[in-house]
Amino acid sequence: MKLLDGKVALVTGGGRGIGRGIALSLAANGAKVVINDLGAGLAGDGTDAGPAQETQAAIEALGGKAVINGSSVADHAAAQGMVEQAVDTFGRLDIVVHAAGVLRDRMIFNMTEEEWDVVVAVHLKGLFNVLRPATALMRQQKGGRIISLASGSAYGDAGQPNYSAAKAGIIGLSYSTANAMAKYGVTSNVVLPTGTTRMIDSKPESRKIFEETGKWPSEHARGTPKDPDNVAPLVSFLASDRAANVNGQVFHSYGFGYTLIEPPRTLARLEGDHAWTAESLADAFDTYMEPDMKPRPAMPFGRDVDNLGDDDWHAIGEGRRYWVRKEESR
Ligand SMILES: NC(=O)c1ccc[n+]([C@@H]2O[C@H](COP(=O)([O-])OP(=O)(O)OC[C@H]3O[C@@H](n4cnc5c(N)ncnc54)[C@H](O)[C@@H]3O)[C@@H](O)[C@H]2O)c1
């Protein structure tokens with residue numbers, strides 16, 4: 001008996017990169033898969049049936065079952081069609097993974113309205129578009145798993161205002177869905193993935209690697225900690241019955257490991273028995289709150305774990321180890 005036997009999954013962006021690895025892993029673990037992929041260019045331009053067909057062939061080569069949906073997740077009616085296709089073809093829908101994505105990087109002071117709209121439409125509205133019909137179905141089914149790919153950029157990548165906002169929005173929508181759907185046995189979790197895909201090849205420093213080695217970083221990554229397929233085992237676990245009690249969580253997938261990210265928590269407070277003036281608040285702020293302020297949000301998750309010493313880890317067998325912040329240790 002495989003982990004996902006009898007389950008049906010929809011994977012948006014399942015044709016390439018991280019989504020492809022997830023679609024394959026879900027199928028390898030027994031799920032039937034609807035592969036949604038527009039075959040778009042990195043900036044969201046054009047269409048190509050090739051990537052989804054290649055994923056489908058790879059799933060069939062494993063002995064799995066998959067069908068293709070080639071429409072855009074940014075299209076509300078088309079997203080409803082994806083859910084209907086899962087039900088019409090395989091009889092139900094248990095798992096939704098939203099991995100479709102595009103990039104239009106630009107500084108906030110130069111960004112065009114179109115660059116903003118395209119990125120928010122695919123990532124954030126795209127998630128709403130699939131969740132609206134999928135949650136209605138899962139509520140009736142009394143069960144389901146939603147896994148949304150956000151990004152460390154949600155915490156404020158300076159060169160990606162549209163993408164950062166969309167990804168932070170995905171985290172908010174996932175928390176809201178987790179709270180709304182818990183009583184129906186549906187979980188909603190976020191993965192901040194990493195993996196050297198064409199998204200990483202598009203960075204200026206990647207061209208230098210291509211010029212020096214004749215291969216793009218994505219080609220060097222296979223089988224290494226940078227392989228985008230390293231994200232898939234976490235997603236397949238979250239999609240399974242074994243993860244029934246994992247809800248409203250955010251994970252960072254990095255290298256051959258997975259980090260649990262702490263939700264925001266209250267840190268300090270100033271309070272009076274009557275209203276403040278701006279000036280009295282300024283005085284109190286300087287003395288009491290300013291020293292407790294944290295640095296601006298950043299994307300330290302990978303760096304944090306890279307900087308741990310060998311002594312910080314507990315061996316858990318089979319070449320694996322575990323670390324937890326000291327104040328949390330049991
Ligand atoms: N690669 C990374 O390191 C990284 C880091 C953080 C977050 N992410 C996120 O992970 C997800 C996958 O990224 P990737 O690196 O595999 O990218 P990728 O470009 O390799 O794959 C994205 C896929 O989405 C598809 N797509 C684009 N627009 C679509 C639309 N409107 N409808 C349906 N499909 C569409 C593309 O055709 C493509 O196959 C994205 O959400 C991305 O933002 C990736």
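Position 1 is the first residue of the sequence; numbering continues from there. Counting convention: from 1, in listed order, for ligands and their atoms alike.
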**Item:** Closest protein heavy atom to atom 28 (N) of ligand 1, given as residue, atom name and distance to 0.1 Å
**Value:** V102 CG1, 3.5 Å

**Asked** Would you say I200 touches ligand 1, if touching means a heavy atom closer than 4.0 Å?
**Response** yes

**Cationic N near anionic O, under 4.0 Å, R222 to E219** = no

**Asked** Looking at side-chain heavy atoms only, is the closest gap between W216 and T196 below 4.5 Å?
**Response** no

**Fill in**
For atom 5 (C) of ligand 1, the closest protein heavy atom turns out to be P193 O, 3.1 Å

**Request:** Specify the protein heavy atom at minimum distance from atom 32 (N) of ligand 1: its residue, its atom name, and the distance to 0.1 Å.
**Result:** V73 N, 3.0 Å

**Request:** Taking the six-membered ring for Trp and the single ring otherwise, decide whether the centroids of Y258 and H252 are under 6.0 Å apart.
**Result:** no

**Prompt:** Do the side chain of S280 and the main chain of W276 share a donor and acceptor less than 3.5 angstrom apart?
**Reply:** no

**Item:** Atoms in ligand 1 with a heavy atom of L149 nearer than 4.0 Å
**Value:** 10 (O), 11 (C)

**Complete:** Atoms of ligand 1 under 4.0 Å from any heavy atom of G17, numbered from 1 in the order shown, are 16 (O), 20 (O)

**Item:** Proximal atoms of ligand 1 relative to G39 (non-hydrogen, under 4.0 Å)
**Value:** 37 (O)

**Request:** Pick, from K167, Q160, K125, the option with the minimum heavy-atom distance to atom 41 (O) of ligand 1.
**Result:** K167

**Request:** Identify, by atom number and element, the atoms of ligand 1 in contact range of T194, meaning under 4.0 Å from any of its heavy atoms.
**Result:** 3 (O)

**Asked** Between R20 and D37, does a salt bridge (Lys or Arg N to Asp or Glu O under 4.0 Å) hold up when you go through it step by step?
**Response** CA-CA 10 Å; R20 174 187 183 278; D37 205 298; over 6 Å; no

**Request:** Return yes when R20 approaches ligand 1 closer than 4.0 angstrom through a heavy atom, no otherwise.
**Result:** no

**Asked** So which heavy atom in the protein is nearest atom 36 (C) of ligand 1, and how far is it from that ligand atom?
**Response** D37 OD1, 3.4 Å

**Prompt:** In terms of residue, atom name and distance, what is the protein heavy atom nearest to atom 42 (C) of ligand 1?
**Reply:** Y163 OH, 3.4 Å

**Asked** Among all protein non-hydrogen atoms, which one is nearest to atom 35 (C) of ligand 1, and what is the separation to 0.1 Å?
**Response** A100 CB, 3.6 Å

**Complete:** Between P225 and N230, the two heavy atoms sitting closest are O-ND2, 3.1 Å

**Item:** Distance from atom 27 (C) of ligand 1 to nearest protein heavy atom, with residue and atom
**Value:** G101 O, 3.5 Å

**Request:** List every atom of ligand 1 that sits less than 4.0 Å from any heavy atom of G195, numbering the atoms from 1 in the order shown and giving each element.
**Result:** 1 (N), 2 (C), 3 (O)

**Sub-4.0 Å heavy-atom contact, P228 with ligand 1** = no

**Request:** Using non-hydrogen atoms of the residue, decide whether H98 is closer than 4.0 angstrom to ligand 1.
**Result:** no

**Message:** To check your reading of the model: name the closest protein heavy atom to atom 17 (O) of ligand 1, its residue, and the distance in Å.
**Reply:** M199 CE, 3.6 Å

**Fill in**
For R198, the ligand 1 atoms with a heavy-atom partner under 4.0 Å come out as 18 (P), 19 (O), 20 (O), 36 (C), 38 (C)

**contact_flag A150 ligand 1 heavy-atom lt 4.0 Å** = yes

